[in-house]
2 protein chains.
Amino acid sequence: MVARYAQIAGELRDAITRGEYAVGAQLPSEAELAVRFAVSRGTIRQAVAVLGAEGLVGSRQGARRIVLGRERSQSFAELHSFAQWAWSMGYEVGGRVLRQRRRAASAAEAARLALRPGEPVLAVLRLRSLEGEPVMLERTVYAGWIAPAVERLDADCASVTQALHESVGLVFAYGEHLLDAVAAGSEDSRLLAVRRGGPLLRQRRVTTTPEGRPVEWSDDRYRAGSVAFGIRNSVDVNPLVRQVGELRPSP
Amino acid sequence: MVARYAQIAGELRDAITRGEYAVGAQLPSEAELAVRFAVSRGTIRQAVAVLGAEGLVGSRQGARRIVLGRERSQSFAELHSFAQWAWSMGYEVGGRVLRQRRRAASAAEAARLALRPGEPVLAVLRLRSLEGEPVMLERTVYAGWIAPAVERLDADCASVTQALHESVGLVFAYGEHLLDAVAAGSEDSRLLAVRRGGPLLRQRRVTTTPEGRPVEWSDDRYRAGSVAFGIRNSVDVNPLVRQVGELRPSP
DNA sequence: GGGCCTAGCTTGTTCAGACAAGTTCGCTTA
DNA sequence: TAAGCGAACTTGTCTGAACAAGCTAGGCCC
């Protein structure tokens with residue numbers, strides 16, 4: 001059972017993607033759409049709000065909505081799961097666990113995962129590849145309560161997200177991401193086959209269940225040029241934030 | 001005149017920031033808030049929707065909303081304008097134009113700026129510093145129609161955004177960003193005082209007016225460690241997208 | 001022709017009510 | 001004790017209405 005406003009949002013999104021409404025063109029008025037879809041104006045507003053949040057259309061009071069772009073934005077699952085993302089694009093994806101061990105959470109890890117320092121966590125090092133080439137190195141710390149389920153997985157399990165969903169019904173719902181660039185360390189350079197000190201795109205992230213319980217804290221490093229992250233924002237909705245790193249890198 | 005729902009969103013956001021509602025705690029129910037603020041439930045829903053879009057609270061049907069984080073997210077202006085961001089954090093900021101010239105738009109630039117190839121654009125190279133240290137190199141291409149206003153600015157104008165707003169009333173409303181890591185080129189390394197081939201965080205972006213007219217296309221490169229970009233997302237609202245770069249870097 | 005002004009259109013805000021769907025928790029039952 | 005059930009609560013969806021505020025285009029006047 002999909003909500004009516006979501007169906008309408010889908011139809012409008014498809015129309016935009018098909019080019020029926022060109023970039024820069026105007027969308028029909030809310031009243032017009034309400035008649036066309038035989039719903040109230042409130043439902044139409046919910047539908048176009050979805051498109052607004054996706055950055056596909058913009059709006060100004062008094063003027064008709066305009067189309068800003070036509071690319072479909074990814075689902076949360078596609079962003080969270082490297083494998084699901086690669087599959088959706090038709091790429092061949094690989095993954096291999098290189099190291100896995102239990103240990104006590106550091107202070108920083110405990111804070112990220114809402115644990116007490118010293119509580120057990122599971123640290124995993126995974127190498128991800130795309131079309132056979134190593135592309136990303138994933139250093140993940142799982143909260144102790146999910147560790148047994150992770151340990152039961154195959155070492156070359158492609159989609160951990162999907163496997164955990166199927167085995168224990170775990171669902172990820174919220175994420176917090178920090179993107180920056182770092183120099184490849186010796187382990188990074190060896191495993192990703194890049195020059196030591198060369199550029200890597202780093203994505204640090206915490207992922208949380210629908211109940212707000214943090215599950216994992218990860219440091220993912222992508223080979224430069226292999227992937228980029230995209231974001232659309234506006235005056236009304238700006239999820240992107242710039243933060244200072246360390247101004248003076250410690251020697 | 002600020003909308004009532006925005007006021008309520010502000011009060012709730014402040015309460016969360018103050019720690020009145022701890023991370024992981026529940027928010028009062030919509031009905032309760034409606035009584036407390038003496039508005040209808042619809043208005044309360046708009047208010048909490050704002051907090052949801054900011055990633056501060058999460059919600060599931062049937063259960064009370066929970067607090068996910070407490071940091072205030074930045075305004076569009078703070079993200080867009082390097083200077084306004086630095087000022088808001090109390091840092092000293094500097095900017096200097098190193099090169100500026102008019103030329104014809106390349107095919108790629110024309111596509112980004114919704115121009116025809118060959119139409120005139122203004123290319124500017126700016127060095128940005130924080131606390132006296134060079135931190136970011138900004139290569140911006142302005143659409144021809146705004147070029148005269150940009151050329152009238154001082155070479156060491158700190159906030160171009162603010163200056164253009166004051167001089168010609170230009171307002172930025174939408175942005176599209178692409179984040180990745182690149183190796184420092186020779187010009188990059190000289191101006192940012194980093195090793196050639198070392199890591200830089202690259203932010204490529206297009207900014208657009210409220211009418212949907214693209215104004216500038218920029219390639220900003222940050223010294224590694226100086227800044228990071230943060231994003232919160234969820235199953236319901238996911239503005240972040242992962243994209244492939246070039247899988248095989250051209251030799 | 002050019003500028004001003006207004007009428008009509010369009011989006012933004014708010015309300016009140018109704019029902020659907022999911023969660024929580026205490027009570028009952030095996 | 002443990003599982004199952006259901007009532008009360010809470011968020012999600014949708015309607016219809018009204019007014020506010022901003023934009024646009026066409027007509028009018030100079």
Side-chain angles (χ1 to χ4, degrees), chain A residues 1-12 21 24-53 56-68 169-171 173-174 208-213 234-237, chain B residues 1-12 21 24-53 56-68 169 171 173-174 209-213 234-237:
Chain A
M1 177 53 193
V2 178
R4 189 80 181 95
Y5 79 87
Q7 293 174 20
I8 296 173
E11 289 195 35
L12 291 175
Y21 300 109
Q26 293 183 336
L27 234 53
S29 74
E30 295 177 358
E32 215 168 314
L33 292 171
V35 171
R36 182 190 308 176
F37 291 105
V39 295
S40 75
R41 194 182 146 218
T43 303
I44 292 294
R45 283 183 66 78
Q46 270 186 284
V48 294
V50 171
L51 302 183
L56 289 180
V57 305
S59 74
R60 302 138 63 204
Q61 187 173 52
R64 286 203 177 180
R65 257 168 266 266
I66 49 176
V67 178
L68 294 173
L170 183 68
V171 175
Y174 304 103
T208 308
T209 66
E211 295 83 31
R213 200 172 183 194
S234 73
V235 170
D236 297 318
V237 31
Chain B
M1 177 53 193
V2 179
R4 189 81 181 95
Y5 79 86
Q7 293 174 21
I8 296 173
E11 290 195 36
L12 291 175
Y21 300 109
Q26 292 183 336
L27 235 51
S29 74
E30 295 176 359
E32 214 168 314
L33 291 171
V35 171
R36 181 190 308 177
F37 290 105
V39 296
S40 75
R41 193 181 147 219
T43 303
I44 292 294
R45 281 183 67 78
Q46 279 193 78
V48 294
V50 171
L51 302 183
L56 290 180
V57 305
S59 73
R60 304 139 62 204
Q61 187 173 52
R64 286 204 177 179
R65 257 167 265 266
I66 48 175
V67 178
L68 295 171
V171 176
Y174 304 103
T209 66
E211 295 83 34
R213 200 172 183 195
S234 73
V235 170
D236 298 317
V237 31

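Computed over heavy atoms, backbone and side chain alike; hydrogens, waters and symmetry mates excluded. Letters A, B, ... mirror the listed sequences (proteins, then strands); counts begin at 1.
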Say you draw a straight line from [atom1] of [X] to [atom2] of [Y]; how long is it, rounded to the nearest 0.5 Å?
X: L56(B); Y: I66(B); atom1: CG; atom2: CD1; result: 12.5 Å
X: D236(A); Y: Y174(B); atom1: CG; atom2: OH; result: 6.5 Å
X: R45(A); Y: S59(A); atom1: CZ; atom2: OG; result: 7.5 Å
X: R41(A); Y: L33(A); atom1: CZ; atom2: CG; result: 11.5 Å
X: R60(A); Y: E211(B); atom1: CZ; atom2: CD; result: 4.5 Å
X: E32(B); Y: I44(B); atom1: CD; atom2: CD1; result: 10.5 Å

Discussion item. Could you check whether any side-chain heavy atom of F37(B) comes within less than 4.5 Å of a side-chain heavy atom of Q7(B), counting everything from C-beta outward?
Written reply: no
Discussion item. With a 4.5 Å cut-off on side-chain heavy atoms, are V67(A) and L27(A) touching?
Written reply: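 The answer is yes; the side chains approach within 4.5 Å.
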Worksheet item: On DNA chain D, which is the earliest and which the latest nucleotide, 5' to 3', with an atom closer than 4.0 Å to a heavy atom of chain A?
Response: dT13(D) to dT24(D)
Worksheet item: Would you say T208(A)'s side chain and G212(A)'s backbone share a donor-acceptor pair under 3.5 angstrom?
Response: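 Not at all, since once roles are kept as given, no pair shorter than 3.5 Å links the two residues.
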Worksheet, complete the sentence: Result for 5'-nearest mapping on DNA chain C, choosing between E211(A) and S40(B), is S40(B)
Item to complete: Using a cut-off of strictly less than 4.0 Å between a heavy atom of the residue and any atom of DNA chain D, enumerate the qualifying residues of residues 41-50 of chain B by number.
Response: R41(B), R45(B)
Worksheet item: Start at the 5' end of DNA chain D and walk down; is the nucleotide closest to Q26(A) or to A3(A) reached first?
Response: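 Result: A3(A).
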Worksheet item: What's the shortest heavy-atom distance between V171(A) and P210(A), and which atoms?
Response: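 Shortest heavy-atom contact: O-CD, 3.2 Å.
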Fill in: Heavy-atom protein contacts under 4.0 Å, nucleotides 5-10 of chain C, coded B base, S sugar-phosphate only, - none
-----B
